[in-house]
Amino acid sequence: MRGLICGPKLAACGIVLSMWGVIMLGMLGIFFTTHSAVLIEDVPLKDEDLTPDPNPPQRIYELYNKVGYNCFIAAAIYILFGAFSCCQMKLNKQKEYLVH
């Protein structure tokens, strides 16, 4: 069958992993863009980000937003991967019906 790349089990695994990725990265993106203090260790801070700047919190908030947007981009990639896996499941079901 044309376009069939993976089997039904791998497609189902891809759907589950993509759902988890979208939920997890979506929540992380929300928490980063709301500047959650718990995630400060995951913000790529350097010493020069804090010392010369007269308003250091603004620079930290910009870094939080940058990481949050990166999480949203990664969640969008997981959505595409999930759509691909759904298409593979559909193609596998069509193949099943053609064989029987």
List the steps, then state whether side chain to side chain contact (heavy atoms under 4.5 Å, CB included) holds for Leu39 with Leu28. CA-CA 9 Å; Leu39 297 172; Leu28 276 174; 4.2 Å; yes

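- The side chain to side chain donor-acceptor pair (under 3.5 Å) check on Asp42 picks up nothing, with sequence neighbours excluded.
- With rounding to the nearest 0.5 Å, the separation of NE2 in His35 from CG in Asn65 is 4.0 Å.
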Side chains of residues 7-19: which donor-acceptor partners sit under 3.5 Å, not counting sequence neighbours?
| residue | atom | partner | partner atom | Å |
| --- | --- | --- | --- | --- |
| Ser18 | OG | Gly14 | O | 3.0 |
| Ser18 | OG | Ile15 | O | 2.9 |

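- To the nearest 0.5 Å, the span separating CG on Leu91 from NZ on Lys93 amounts to 12.0 Å.
- In this structure, Asn92 contributes its side chain and Leu4 its backbone to no donor-acceptor pair below 3.5 Å.
- Residues satisfying the side chain to side chain contact (heavy atoms under 4.5 Å, CB included) test with Ile5, not counting sequence neighbours, are Phe84, Gln88.
- Contact between Ala74 and Leu25 at its shortest, heavy atoms only, is CB-CD1, 3.5 Å.
- Here the NZ-SG distance, from Lys66 to Cys71, works out to 12.5 Å after rounding to the nearest 0.5 Å.
- Met89 and Tyr78 fall into different hydrophobic clusters, where Ile, Leu, Val, Met, Phe, Trp and Tyr side chains are chained together by heavy-atom contacts under 4.5 Å.
- With sequence neighbours left out, Val43 forms a side chain to side chain contact (heavy atoms under 4.5 Å, CB included) with Phe32, Leu45, Leu63, Tyr64.
- If you chain together ILVMFWY residues whose side-chain heavy atoms come under 4.5 Å of each other, Ile77 ends up grouped with Ile73.
- Checked against ring-ring contact (aromatic ring centres under 6.0 Å, His included), Phe81 has no partners two or more places apart in sequence or in another chain.
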